[in-house]
Protein chains: 2
Amino acid sequence: MKKNTEVTIYDLAKKLNLATSTISRALNSHHSISQKTIDKVKKAATEMGYRPNNLAASLRNKKTKTIGVLLPTIAQPFLSALISGVETTAQEAGYNVVIMQSHDSYEEEVNLTQSLYSSRVSGVICCLAMETSDTAHFKIFTDNNIPLVFVDRVPKHADTYRVMIDNYAAGYKATKHLIDQGCLKIAHITRASEFGNIYSERKKGYLDALKDNNLQIDAKLIVNLKSVSYEETETAANKLFNLKNPPDGIFAAGDMMAIIAIQCAKKRGIKIPEELAVIGFNNDPNSRIIEPNLSTISHPAEKMGQASSEIILKNLEQSTKDDIRDITVLNTEVLVRESSKRK
Amino acid sequence: MKKNTEVTIYDLAKKLNLATSTISRALNSHHSISQKTIDKVKKAATEMGYRPNNLAASLRNKKTKTIGVLLPTIAQPFLSALISGVETTAQEAGYNVVIMQSHDSYEEEVNLTQSLYSSRVSGVICCLAMETSDTAHFKIFTDNNIPLVFVDRVPKHADTYRVMIDNYAAGYKATKHLIDQGCLKIAHITRASEFGNIYSERKKGYLDALKDNNLQIDAKLIVNLKSVSYEETETAANKLFNLKNPPDGIFAAGDMMAIIAIQCAKKRGIKIPEELAVIGFNNDPNSRIIEPNLSTISHPAEKMGQASSEIILKNLEQSTKDDIRDITVLNTEVLVRESSKRK
DNA sequence: TTGTATGCGTTATCAT
DNA sequence: ATGATAACGCATACAA
């Protein structure tokens, strides 16, 4: 039935006739304090309803034990799984996670980096907004020795940690898989992004796989979407199917795009995978619900989150400043399901 | 090229020959400071690379401008949409959001409430863990005037804000819809939860709809799942279909359960919706990908998040302590799609 | 309109 | 093993 009374270490000190410094040390089980005192203090603390004030400790210690996560949105299977990985790992280490959404806006992202800095987060994990090309606003972190990890959508040039997959190799593998199924006219549906390199890397893989297998590159078979709205994707798919020379395979840079293309094809009576083999990217839950089940590229979202957290934590725990700003590349694999399995 | 130098208001004061209090007020655009001084201070601040330290301000003000969100997991469409709503609203008001996952464990939930309290969050939004029956660990918030909102999975008895849907009415509506389609033997697949009342409310609605329409209640047609794993749900569905008297309609308390049931039925050649009409709950993205498209109950996740945030914010902004711990009930509606549309 | 002084709750340094 | 005290960066009551 305690009310507004915030119990502090002063109250404990008064009650036990000890100094605040002793109380503080006892609460932290400092080795220089006798076990007897530690027990006594902790007992009194719970009795009096003492709750440590992290704010004060953080101010004093100049470290907050919270990791800032800045990403386009939470409401996307890949990103929410990534956050989940970040959060679980951080939580185990006693760190909190604050999350901010840029909504894919450069301007919001800039503001939020300020806000993260002002909150004195111990480390930052960021998946860049679609709009972002320039990453100068992250300099504030590196300048102030705050570990920074870019994940998935990473800048091309940056002397910071990066956690990613090999998008080029994945794009190549996906395309090669379709070729192995006998596809000769493979379309590519992707997102138009001027700067983000993940889609352009996937496309590069696609192009090289075609080249390496002596397949012709047809610009009409490459579609760049401005957004992944249902309408826009559907329109694009229909345009592909209406070509004089329609595709017999589609590599979509995301599962939703692939799924919409499949739905679209089915409406037109196109047989999948016989007439059209389709492969997506990400392994969203959706990919196992669409019929036929969608072949796709696994994307270790949760693991990427964990890896990012671990880099931050390692960097924070060890005082030895290693300036290795290295790149972590996680594996992907082709998941073959019914949408592309011809043999 | 600034290094470890943290610029504080002291530095600004020294530089401009002003008192720290003047600097502080100027930075906050306090009305008692001349515009000229305000401009001068702000200019110097940006020049010197000053960044406010929220930590210090929070300690001083005894308010952190952060909202704590405690829920089972992030990686679920409904919950990530909910968080998104919380976060967007909070962000607009200049509040941060820290997120913690209980992983549906009571023990973790208890620990995390402590941790949230120690972080001195300004308010708390919580969706209870599946395991949680007793909510005494939240008393610390109400005792200390920290606004607390339970959302979706709320405790039955609690003098705190609650944001939810009318699960009873929704269950009733869903069942009534199937009855309207001519179903006579309607099964109900739900989650076994001893305490959480959302599933039991939905079931109550189901039962009452049957009664009100003079349909017999058959215990064999009611399935309580321990988890929503694919395997367990599939087994349960098959058991239903193997009954002497199999159902001609299914009301599942979640979309995934409904989807698995549909997939299972299709494998057995059961025609949907002609032989079996199915309706789910939540309106997950998945529900529009399964074929036939799944009828379901809309669940305003994003809105629930917003509403929760707004309650916290309103409570924080106004100093007038209104002790109205009221319940916000949001609307749901039946979304009729192909899986249940018979006429 | 601006300045002085103090406290928010901790932890760390230096002493005892 | 324990104590006294300063400091973290900011905001406010009070004074001028």
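To find a chain, count down the sequence lines: A is the first, B the second, and so on, and within it residues start at 1. The basis for the numbers below is simple: all heavy atoms, side chains too, and nothing from hydrogens, waters or symmetry mates.
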Would you mind reporting whether [Y] and [X] have side-chain heavy atoms less than 4.5 Å apart?
X        : Y        : answer
B:Val163 : B:Glu310 : no
B:Lys42  : B:Ser29  : yes
B:Tyr161 : B:Thr328 : no
A:Asn96  : B:Ser119 : yes
B:His103 : A:Thr88  : yes

Rounded off to whole Å, could you give me the [atom1]-to-[atom2] distance for the [X] and [N] pair?
X       : N     : atom1 : atom2 : value
A:Glu6  : C:dG9 : CD    : P     : 7 Å
B:Lys63 : C:dG9 : NZ    : P     : 16 Å
B:Tyr10 : C:dA5 : OH    : P     : 12 Å
B:Arg60 : C:dG9 : CZ    : P     : 11 Å

When rounded to the nearest 0.5 angstrom, what is the spacing between [atom1] in [X] and [atom2] in [Y]?
X        : Y        : atom1 : atom2 : result
B:Ser80  : B:Glu302 : OG    : CD    : 9.5 Å
A:Asn54  : B:Arg120 : CG    : CZ    : 7.5 Å
B:Leu128 : B:Thr135 : CG    : OG1   : 7.0 Å

Notebook entry, point to check: If you look at every strand shown and take non-hydrogen atoms under 4.0 Å, does B:Asn61 touch a base, only sugar-phosphate, or nothing?
Noted result: sugar-phosphate
Notebook entry, point to check: Which part of the nucleic acid does A:Arg51 contact within heavy-atom distance under 4.0 Å: base, sugar-phosphate only, or nothing?
Noted result: sugar-phosphate
Notebook entry, point to check: Is the closest basic N to carboxylate O distance between A:Lys15 and A:Glu47 below 4.0 Å?
Noted result: no
Next item on the list: Taking heavy atoms of chain A and a 4.0 Å limit, find me the 5'-most and 3'-most nucleotide of DNA chain D within that range.
Entry: D:dA1 to D:dG9
Checklist line | Geometric class of the B:Tyr117/B:Phe141 ring pair [parallel <30°, tilted 30-60°, perpendicular >60°] | finding: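 Aromatic pair B:Phe141/B:Tyr117 classed tilted.
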Note to self: Can you tell me how the ring of A:His137 sits relative to the ring of A:Tyr106, calling it parallel under 30°, perpendicular over 60° and tilted otherwise?
What the structure shows: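 Rings of A:His137 and A:Tyr106: perpendicular, as their planes differ by over 60°.
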Next item on the list: With a 4.0 Å heavy-atom cut-off, tell me which residues in residues 27-39 of chain A come close to DNA chain D, sorted by residue number.
Entry: A:His31, A:Ser32, A:Ile33, A:Ser34, A:Thr37
Note to self: Short of 4.0 Å, heavy atom to strand atom, which residues of residues 13-23 of chain A count as contacting DNA chain D?
What the structure shows: A:Asn17, A:Leu18, A:Ala19, A:Thr20, A:Ser21, A:Thr22
Notebook entry, point to check: B:Pro52 or B:Arg25: which one's nearest nucleotide on DNA chain D is closer to the 5' end?
Noted result: B:Pro52
